[in-house]
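By convention in this document, chain letters (A, B, ...) are assigned in the order of the sequence lines, proteins followed by strands, and residues within each chain are numbered from 1.
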Amino acid sequence: MGVIAEQLSATFPLTYSEAIVAMGAAILGIAAGMLGALAVLQGRSLVGDALAHSALPGVAVAFIVTGAKDPASLLAGAILAGIVGAFMIVGIERTSRIRPDAAIGVVLSSFFALGIVLLTYISNTGGAQQAGLDTYLFGQAAGIVERDVEIMAVMAGGAALVVVAFFRIFKTVLFDRSFASSLGVPVKIVELATTALLVVAIVIGLRTVGAILMVAMLITPTVVARQFTNRLVWLLPVAALVGATVGITGALASSQAEVPTGPVIVLVGVSLAVLAILFAPGRGVAWRAATLARARRRENTSGVLVALETAMHHGAPPTPRELALASGRSARSVRRGLRDLSRAGLVQRDEGRVILNERGAAAAHAALESRRLWSAWLEHGWRLDLPDAREADPRDLRASLGDDAVDQLVVLEREATA
Amino acid sequence: MTTLFSDDVTIILTAGLVATACAILGVFLVLRRVALMGDAVSHAVLPGIVAVFLLTESRAPFPMIVGAALFAILCVLAIEWLRGTGLLRADAAIGLVFPALFALGVLGIHRYAGNIHLDLDSTIYGEIAFAPFRTVEIGGVLVAQSLIISGAVAIVNLALVVLLWKELKATTFDPEFSKSVGLNPTWVSRMLLVAVSITAVTAFESVGAILVVALLIVPAAAAYLLTDRLWAMVAIAVGIGWISAVVGYTGAVQADASIAGAMGVTAAVLFGVALIASPKYGLLARRIALHRRRRATRPVAAQEG
């Protein structure tokens with residue numbers, strides 16, 4: 001570990017201890033991203049919150065028993081307590097009438113209360129020895145030393161190996177529990193393993209992010225990754241990458257500003273998640289809104305075009321006002337449509353009147369034709385004789401359905417009208 | 001001038017009143033399956049408290065309540081917005097919003113910890129042990145300020161629940177019916193969560209930001225195991241809250257540990273007892289009932305066979 005850290009501090013403008021912090025944060029991010037995904041995709045991300053809180057009394061008990069701040073034994077205590085917490089959540093849910101949300105809440109607050117009692121007990125009775133146990137609440141990346149990183153690396157590596165080795169099994173159980181059990185997959189054991197892995201991820205993050213905010217570190221990488229991919233094979237590595245980025249950024253920023261690491265990491269991660277939710281290509285809220293606005297605008301323009309063609313057909317070229325009246329559109333939407341049409345060179349203005357030119361007339365006919373085809377598809381589409389399944393796109397039926405289908409449609413429509 | 005109560009009694013009364021205020025609301029959180037929204041809201045009030053503290057440089061209760069309620073509403077709306085995008089699950093939405101708000105609060109406290117009388121430890125543990133020291137004079141006797149505040153919140157919550165009893169009951173147990181008679185369950189839920197945030201901010205001083213959750217959820221969940229009647233559930237939850245206050249304080253003083261933590265642990269133990277020994281829904285009772293049913297059906301099955 002030391003060698004890598006020296007390498008890092010030689011390559012990047014980091015001190016040796018900053019390099020250690022960055023490595024610890026990266027390992028945490030990778031573990032939390034990858035293992036958190038398993039819980040988030042099952043809709044059990046808040047179980048992670050409860051388990052993170054229940055790790056706290058584990059740390060305290062381990063300290064009371066061993067009387068020393070050895071990271072290995074403290075983390076072992078945390079793992080044990082986390083697993084006990086997990087069993088209690090499942091036990092309360094399964095054996096009583098308490099619903100999952102209340103079961104999570106009860107375990108979370110009970111363990112945390114116990115942890116607080118033990119921590120205050122330790123700090124009121126122990127001497128200077130105990131100093132620093134409260135970094136487990138909000139995390140303090142600056143306090144991480146080589147030995148911590150070694151332990152974290154071993155745990156994260158082991159967990160990653162398990163996920164890679166049993167990837168297919170995890171995938172099957174994650175997406176279809178009953179299908180998996182019909183295949184003979186031991187679903188309960190797999191779920192137990194998922195929870196155990198979750199506890200491992202939490203324990204890795206305990207020193208850096210702290211028990212209270214760890215849940216966000218489990219969720220954010222998956223939320224970000226989920227906006228960019230639909231496939232689990234990609235989701236896990238992307239989540240790990242996002243986790244590592246968030247971890248390194250937050251840990252370095254917080255140790256420079258000398259504030260608790262957990263809040264900084266959480267704020268970095270959540271901002272990233274909000275950005276992804278807003279702007280992810282294809283899925284993001286802003287992206288979808290822009291696509292919708294473009295589609296509406298296109299519809300409006302084509303509607304104004306058709307209305308103009310109809311008006312020209314009936315007599316003199318209309319003014320925009322007359323066009324609005326005749327087509328039943330608002331003056332604003334007609335103005336907008338006309339602006340788009342004249343930009344495309346389909347209409348001309350003459351003394352306040354709008355004239356469709358030759359190209360415009362052709363475009364209007366094409367638009368009418370496409371509308372007619374679409375209603376023909378809606379009416380007769382089911383009678384088409386096609387060799388395969390095709391998806392119709394109202395914007396371009398010919399391209400999406402194929403020439404053979406459209407020709408059949410035209411014939412069917414003619415028969416119907418005849 | 002005389003003080004109205006001794007220090008011990010003041011602390012226990014304050015704790016009991018905080019627990020009462022929490023338990024009354026917690027019952028509805030548990031029944032409406034939004035226990036974790038209560039958790040989220042009580043975390044989310046922290047930045048509100050800190051912001052008001054920084055702006056007004058005082059701990060006056062009213063501005064704090066306003067600040068906290070604003071952030072609670074922000075938290076609820078943010079969670080609803082994230083859910084509405086359909087891009088992530090409801091639980092992930094909760095898990096994104098409240099840690100972010102809580103993190104803001106923690107950073108604010110840490111940044112200005114030197115200037116204001118607010119620190120991370122009191123955020124988490126609360127300072128109920130100091131409750132007797134801040135007093136106000138009422139009618140010639142000194143009464144602890146926190147006692148008055150927590151009493152007021154307990155009364156307000158009680159009044160809220162009594163006045164809206166029908167509405168709460170209908171929207172909790174039959175949201176479809178309540179919609180059909182013109183009650184909006186979403187608005188009732190939001191109002192409940194705002195009440196939770198106000199309770200959380202006043203409880204904040206005495207039991208800390210996180211242990212509020214223990215007093216909200218645990219007594220109510222335990223009461224849910226013990227009864228089927230709503231009013232009985234409220235009464236039992238309040239009772240468990242008071243037992244937690246008394247036993248928790250005594251235990252904490254003896255072990256020299258956090259009073260708020262000890263209250264939470266007591267409530268947890270009581271929940272455990274209810275889980276195992278509840279006469280109707282406890283593990284033991286169910287075991288026995290199952291055993292009896294098996295015994296009763298065995299001869300019938302043999303005869304039929």
Side-chain angles (χ1 to χ4, degrees), chain A residues 40 43-46 48-49 53 92 95-106 108-121 124-125 134 137-138 212-213 215-220 222-223 226-227 259-260 262-267 269-271 273-274 277 280 283-285, chain B residues 29-30 33-39 82 85 87-92 94-97 99-100 102-107 110-111 120-121 124-125 208 210-211 213-218 220-222 224-225 252 255-258 260-265 267-268 271-272 275 278 281-283 286:
Chain A
V40 174
R44 291 180 75 79
S45 35
L46 292 173
D49 194 23
H53 282 70
I92 292 174
T95 61
S96 76
R97 66 199 301 233
I98 302 285
R99 277 91 167 234
D101 66 311
I104 292 174
V106 166
L108 182 153
S109 47
S110 305
F111 271 78
F112 194 75
L114 184 62
I116 292 301
V117 167
L118 292 175
L119 279 189
T120 45
Y121 169 76
N124 290 347
T125 53
D134 47 354
L137 289 172
F138 291 112
I212 296 174
L213 294 167
V215 61
M217 197 57 210
L218 295 170
I219 299 176
T220 42
T222 306
V223 168
R226 185 67 190 80
Q227 308 313 320
V259 291
V264 182
I265 287 189
V266 167
L267 287 179
V270 172
S271 331
V274 170
I277 287 168
R283 257 173 84 101
V285 172
Chain B
L29 294 181
V30 167
R33 309 183 189 198
V34 289
L36 294 172
M37 284 296 277
D39 180 27
L82 281 175
T85 64
L87 295 176
L88 67 172
R89 288 198 189 219
D91 61 324
I94 296 179
L96 275 187
V97 173
F102 194 71
L104 268 182
V106 171
L107 281 186
H110 200 271
R111 173 82 181 72
L120 278 182
D121 279 359
I124 299 163
Y125 313 145
I210 298 172
L211 288 161
V213 184
L215 297 180
L216 274 170
I217 302 176
V218 181
Y224 185 55
L225 290 168
D256 194 10
S258 149
M263 285 171 67
V265 172
F271 174 83
L275 185 69
S278 156
Y281 298 106
L283 289 181
R286 283 192 177 186

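- Among all heavy-atom pairs drawn from B:A262 and A:V117, the shortest one is N-CG2, 3.2 Å.
- Closest approach of A:T120 and B:S258 over heavy atoms only: OG1-N, 2.8 Å.
- For a residue to count as touching a neighbouring chain, one of its non-hydrogen atoms must lie under 4.5 Å from one of that chain's; by this rule B:R89 touches chain A with the side chain only.
- With sequence neighbours left out, B:L36 forms a side chain to side chain contact (heavy atoms under 4.5 Å, CB included) with A:L46, A:D101, A:I104, B:D39.
- We find the CG-CG distance between A:L267 and B:L104 to be 5.0 Å, quoted to the nearest 0.5 Å.
- Counting heavy-atom pairs closer than 4.5 Å to chain A, the top-ranked of the candidates B:L82, B:D91, B:V30 is B:D91.
- Only the backbone of B:V34 comes within contact range of chain A, with heavy atoms under 4.5 Å apart.
- With chain B as partner, the option from A:V285, A:I277, A:I92 having the largest number of non-hydrogen pairs under 4.5 angstrom is A:I277.
- Heavy atoms closer than 4.5 Å to chain A are found in the side chain of B:L275, but not in its backbone.
- Heavy atoms of B:Y224 lying under 4.5 Å from chain A belong to its backbone as well as its side chain.
- Minimum heavy-atom separation, B:R286 to A:S96: NH1-CA, 4.0 Å.
- In this structure, B:L107 and A:P263 approach most closely via the heavy-atom pair CG-CB, 3.6 Å.
- The choice from B:L96, B:V218, B:I94 that makes the most heavy-atom pairs within less than 4.5 Å of chain A is B:L96.
- Between chain A and the options B:G264, B:A100, B:A268, heavy-atom pairs under 4.5 Å are most frequent for B:A100.
- Most heavy-atom pairs under 4.5 Å with chain A: of the set B:D256, B:T85, B:V265, B:L88, this distinction falls to B:D256.
- B:F271 has its side chain within reach of A:I98: a pair of non-hydrogen atoms, C-beta onward, lies under 4.5 Å apart.
- Both the backbone and the side chain of B:L87 come within less than 4.5 Å of a heavy atom of chain A.
- Between B:A92 and A:S45, the shortest heavy-atom distance links the atoms N-OG, 3.5 Å.
- Interface remark: of the candidates B:A90, B:P99, B:G38, B:P99 forms the most heavy-atom pairs closer than 4.5 Å to chain A.
- Using a 4.5 Å cut-off between heavy atoms, A:V259 touches chain B through backbone and side chain atoms alike.
- For the pair B:I217 and A:A102, the tightest heavy-atom approach, listed with the atom from each and the gap, is CG2-O, 4.0 Å.
- Residue contact with chain B, scored on non-hydrogen atoms closer than 4.5 Å, involves the side chain of A:R99 exclusively.
- Contact of B:L215 with chain A is not made at all, since no heavy-atom distance falls under 4.5 Å.
- Only the side chain of A:V223 comes within less than 4.5 Å of a heavy atom of chain B; its backbone N, CA, C and O stay farther away.
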